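All values reported here derive from a predicted model rather than from experimental measurement. In what follows, chains are A, B, ... by sequence order, proteins preceding strands, each numbered from 1.
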2 protein chains.
Amino acid sequence: MRRSSVGIREVAEAAKVSMMTVSRAIRGVEGVSEKKRAEILRIAKKLNYVPNSNARSLAVENSNLVGISLPTFANDVFAEILAGMRGTFEGAGYASVIDTTEYSPESEQRWVERLLTWRPAAVILTGIDHLPDVGQKLRSAGIPTLEIWDVTADPIDICVGIDHEAAGYELGRYAVTLGYQSPAYVGAPIGRDRRADARLRGIKRAFDEGPCSHPIRVAGRPERHAFGAGAAGIDELLQESRPDVVFFLNDHMAFGGMMACGRHGLRIPQDIGVVGFNALDLTTVLPVPITTAKTPRRQMGVVGARNLLARIHGVATERTTTLPITLIAGETTRGE
Amino acid sequence: MRRSSVGIREVAEAAKVSMMTVSRAIRGVEGVSEKKRAEILRIAKKLNYVPNSNARSLAVENSNLVGISLPTFANDVFAEILAGMRGTFEGAGYASVIDTTEYSPESEQRWVERLLTWRPAAVILTGIDHLPDVGQKLRSAGIPTLEIWDVTADPIDICVGIDHEAAGYELGRYAVTLGYQSPAYVGAPIGRDRRADARLRGIKRAFDEGPCSHPIRVAGRPERHAFGAGAAGIDELLQESRPDVVFFLNDHMAFGGMMACGRHGLRIPQDIGVVGFNALDLTTVLPVPITTAKTPRRQMGVVGARNLLARIHGVATERTTTLPITLIAGETTRGE
DNA sequence: GGAGATTACGTTAACGCTAACGTTATTAAC
DNA sequence: GTTAATAACGTTAGCGTTAACGTAATCTCC
């Protein structure tokens with residue numbers, strides 16, 4: 001004989017109707033006269049009735065929770081993707097259970113496992129590389145799943161993103177066209193971020209295909225933060241010799257690198273070219289605009305969420321959606 | 001007669017024990033022999049058993065979800081606070097339901113209302129200003145609540161943060177000591193961010209108390225992003241006259257402002273002083289270090305989460321915890 | 001070797017809600 | 001004025017789990 005909190009039953013008693021009528025009134029479904037519905041809602045409010053989502057989800061065998069897994073919050077990129085998605089989901093009445101993996105596949109797997117106990121309406125993962133268990137569990141649970149930020153022809157369920165290898169190639173190609181001949185790359189240790197690795201592959205391919213092939217020097221070791229890592233990368237490169245153009249993993253690192261160049265007395269773009277990635281807000285206020293690639297982050301979130309909502313409602317959607325990037329040309333003294 | 005998925009019952013049948021024994025085995029509580037427990041776990045894994053948190057939460061009348069409400073993701077500050085909290089909560093087995101209010105109290109209230117239907121173990125709100133309903137509902141639901149980033153003597157439940165007015169005062173006092181006489185402030189429209197408003201009050205007080213009182217010119221209109229807003233603020237100020245020191249709402253805006261100063265041919269710190277807030281990573285790579293205040297963001301998250309966990313377990317903790325900030329002196333040509 | 005304590009289970013009844021179906025009023029149709 | 005259709009409710013059972021209590025077996029100690 002527990003019972004103390006006010007539930008649908010207490011409201012029903014107070015309103016002298018059945019529990020089912022209260023349930024209907026509160027959910028706003030058909031089968032209750034407008035007069036009675038208003039009366040019930042009034043009483044529910046008076047009694048401070050708070051619906052119990054746990055009970056509801058148990059009864060209907062699903063929830064209005066969506067799980068979202070990101071590598072990290074310490075990067076505006078994911079914040080913007082997230083903002084795009086959440087706007088759409090909030091409007092549809094879903095709440096977001098969010099996790100950050102800190103780039104650890106094991107951590108992602110553990111989280112998915114825990115998440116599944118909540119019977120979420122959908123799951124969103126970042127990237128297309130997961131432990132085999134993850135895809136298998138999501139598939140066998142039949143949960144609509146969106147992979148975002150990267151694309152593959154064979155997603156777990158559906159995916160929306162950009163082609164990172166092609167993006168890298170486009171940036172590399174542009175640099176080749178401008179006549180750069182001793183390129184370098186500053187990023188994270190290979191293997192930590194598969195998207196970054198793909199971009200580097202694209203850059204390399206562009207230089208291999210160029211009029212004459214140029215090897216790329218690769219630098220970059222883990223640092224406390226991206227700005228420092230970019231600066232440290234430049235320091236590392238300059239110990240040996242001066243490249244004529246440096247590609248960075250992203251704009252954060254590019255900015256750190258720029259500052260380091262300044263310390264070393266190198267002018268941009270006269271002495272050294274700088275290429276970033278993402279076209280963050282930061283780059284719009286720089287005195288010297290750098291070359292970068294604008295990624296459709298917000299749009300990605302919106303399109304992804306929309307497709308996923310369609311999947312939830314059983315509407316068929318494209319399994320793979322690749323969004324275009326836009327090359328932003330920085331200031332340069334070369335070419336054309 | 002629904003039933004199809006595998007629950008505790010199916011596992012029990014397969015293992016030829018009662019449901020209760022399975023429940024005990026899975027939760028790892030006493031009352032099952034080690035041999036039987038191992039056998040049950042083996043069978044559960046074989047049947048792909050996935051616990052149902054909805055049913056569990058319904059039965060025990062609470063969940064292992066914590067709700068976290070932030071103003072926005074578009075600010076490293078909140079990302080770091082969040083990281084500090086989540087580390088602690090993940091370890092304790094809680095999942096985070098996260099919301100961003102975009103600085104709208106109404107949005108926060110709607111979210112709290114929805115969240116309460118999940119019977120969360122705890123709720124974390126940013127700041128101490130909420131619609132009256134919010135505190136009232138959380139209190140009457142008896143849910144441990146943490147207010148973070150700002151402090152008050154009368155929190156909803158407990159709070160951990162910094163004293164923004166005092167922080168502003170400290171920064172202002174420092175500038176007064178250096179002899180600055182025509183200060184200006186660039187921020188968001190008053191009323192949007194109460195913490196920023198409090199800091200501005202502190203800065204004003206410092207200048208009012210100075211050897212001789214100096215009025216502060218206030219600029220700042222909404223922009224697409226913080227960097228642009230900082231730059232626009234400088235443009236706006238310079239249309240009239242040149243202040244000798246400019247306080248910015250935060251480091252992001254300070255950086256935008258610095259870039260704008262460069263455009264206008266103003267050197268820092270010779271022609272104009274720049275003061276930011278937060279000591280973001282960004283400021284560590286600048287060619288000219290600016291004055292700013294280091295806020296203990298990660299620590300705030302950790303301490304907050306720890307206190308909240310104590311509250312959840314019924315351990316009494318201080319209601320209000322104020323953490324200290326550290327003034328970071330930038331480069332300057334004045335004073336001392 | 002028997003009273004008491006302990007261990008290892010099983011039974012029963014909730015937790016709050018909703019799907020499915022059943023029942024009673026009300027209206028419409030001829 | 002009877003029948004058929006519809007709207008507006010009520011009953012019942014079940015969602016998967018756990019708390020509380022019950023029972024049987026084993027152990028402990030003098």
Side-chain angles (χ1 to χ4, degrees), chain A residues 1-41 43-44 47-65 114 116-121 141, chain B residues 1-41 43-44 47-65 114 116-121 141:
Chain A
M1 265 45 11
R2 319 179 215 173
R3 310 222 91 271
S4 66
S5 71
V6 13
I8 218 179
R9 161 163 36 229
E10 282 69 24
V11 177
E13 280 166 9
K16 296 190 205 304
V17 294
S18 75
M19 286 168 55
M20 204 55 220
T21 303
V22 175
S23 172
R24 281 193 267 254
I26 285 166
R27 279 180 297 155
V29 301
E30 286 203 326
V32 198
S33 64
E34 265 318 312
K35 194 178 158 227
K36 200 152 261 182
R37 182 192 306 277
E39 167 74 357
I40 289 173
L41 291 182
I43 293 184
L47 294 183
N48 281 322
Y49 167 73
V50 178
N52 188 325
S53 288
N54 290 310
R56 197 197 93 88
S57 295
L58 178 60
V60 301
E61 309 252 17
N62 71 37
S63 72
N64 54 8
L65 294 176
R114 248 200 249 169
L116 284 182
T117 70
W118 287 102
R119 309 292 130 105
Chain B
M1 291 326 82
R2 317 180 216 173
R3 308 221 92 270
S4 67
S5 69
V6 15
I8 217 178
R9 163 165 31 230
E10 283 68 23
V11 176
E13 280 166 10
K16 296 190 205 305
V17 294
S18 73
M19 287 167 54
M20 205 55 219
T21 303
V22 175
S23 172
R24 281 193 267 254
I26 285 166
R27 280 181 298 157
V29 301
E30 286 203 326
V32 199
S33 63
E34 265 319 310
K35 194 179 157 224
K36 200 152 260 181
R37 181 192 307 277
E39 167 74 356
I40 289 173
L41 292 181
I43 294 184
L47 295 183
N48 280 321
Y49 167 73
V50 178
N52 188 325
S53 288
N54 290 310
R56 198 197 91 89
S57 295
L58 177 60
V60 303
E61 310 251 17
N62 71 37
S63 71
N64 53 9
L65 294 176
R114 248 202 249 168
L116 284 182
T117 70
W118 287 101
R119 309 292 131 104

| dG16(D) P sits how many Å from E13(B) CD, rounded? | 12 Å

| message | With a cut-off of less than 4.0 Å, is there a side-chain N or O of R56(A) near OP1 or OP2 of dC15(C)? | response | no

| said: In whole Å, I'd like the distance from the CG atom of N54(A) to the P atom of dG16(C). | reply: 11 Å

| task | Verify the contact: side-chain N or O of R9(B) to OP1 or OP2 of dC15(D), cut-off strictly under 4.0 Å; return yes or no. | result | yes

| message | Below the 4.0 Å mark, does dG16(D) have OP1 or OP2 next to a side-chain nitrogen or oxygen of S23(B)? | response | no

| task | Identify, with sequence neighbours excluded, every residue that meets salt bridge (charged side-chain N to carboxylate O under 4.0 Å, His left out) alongside E34(B). | result | R37(B)

| What closest approach, in Å, do V29(B) and V32(B) show between heavy atoms, and which atom pair accounts for it? | O-CG2, 4.4 Å

| request: Can you tell me the distance, in whole Å, between the CG atom of N52(A) and the P atom of dC15(C)? | output: 12 Å

| Of all residues at least two apart in sequence or in a different chain, which pass the side-chain contact (heavy atoms from CB on, under 4.5 Å) check with R119(A)? | V50(B), N52(B), N54(B)

| task | Send over the distance from E61(A) CD to dT17(D) P, rounded to a whole Å. | result | 11 Å

| field | For E13(A), salt bridge (charged side-chain N to carboxylate O under 4.0 Å, His left out) partners two or more places apart | value | none

| task | Quick one: closest heavy-atom pair of W118(B) and N64(A), and the distance? | result | CZ2-OD1, 3.1 Å

| Does A14(B) have any side-chain contact (heavy atoms from CB on, under 4.5 Å) partners at least two apart in sequence or in another chain, and if so, which? | I43(B), L47(B)

| note | When rounded to whole Å, the CD1 to P distance for the pair I8(B) and dG14(D) reads 19 Å

| query | In whole angstrom, what separates I26(A)'s CD1 from dA19(C)'s C1'? | reply | 17 Å

| Can you name the side-chain contact (heavy atoms from CB on, under 4.5 Å) partners of M19(B), sequence neighbours left out? | I8(B), R9(B), A12(B)

| Just how far, in rounded Å, is C1' of dG16(D) from CH2 of W118(A)? | 13 Å

| said: With nearest nucleotide decided by heavy atoms, which residue, R27(B) or A55(B), maps closer to the 5′ end of DNA chain D? | reply: A55(B)

| query | What integer distance in Å separates R119(A):CZ from dG16(D):C1'? | reply | 9 Å

| request: Could you encode protein contacts along nucleotides 5-12 of chain C as a string, one character per nucleotide from 5' to 3', using B for base contact, S for sugar-phosphate-only contact and - for no contact, with a heavy-atom cut-off of under 4.0 Å? | output: ---SBBB-

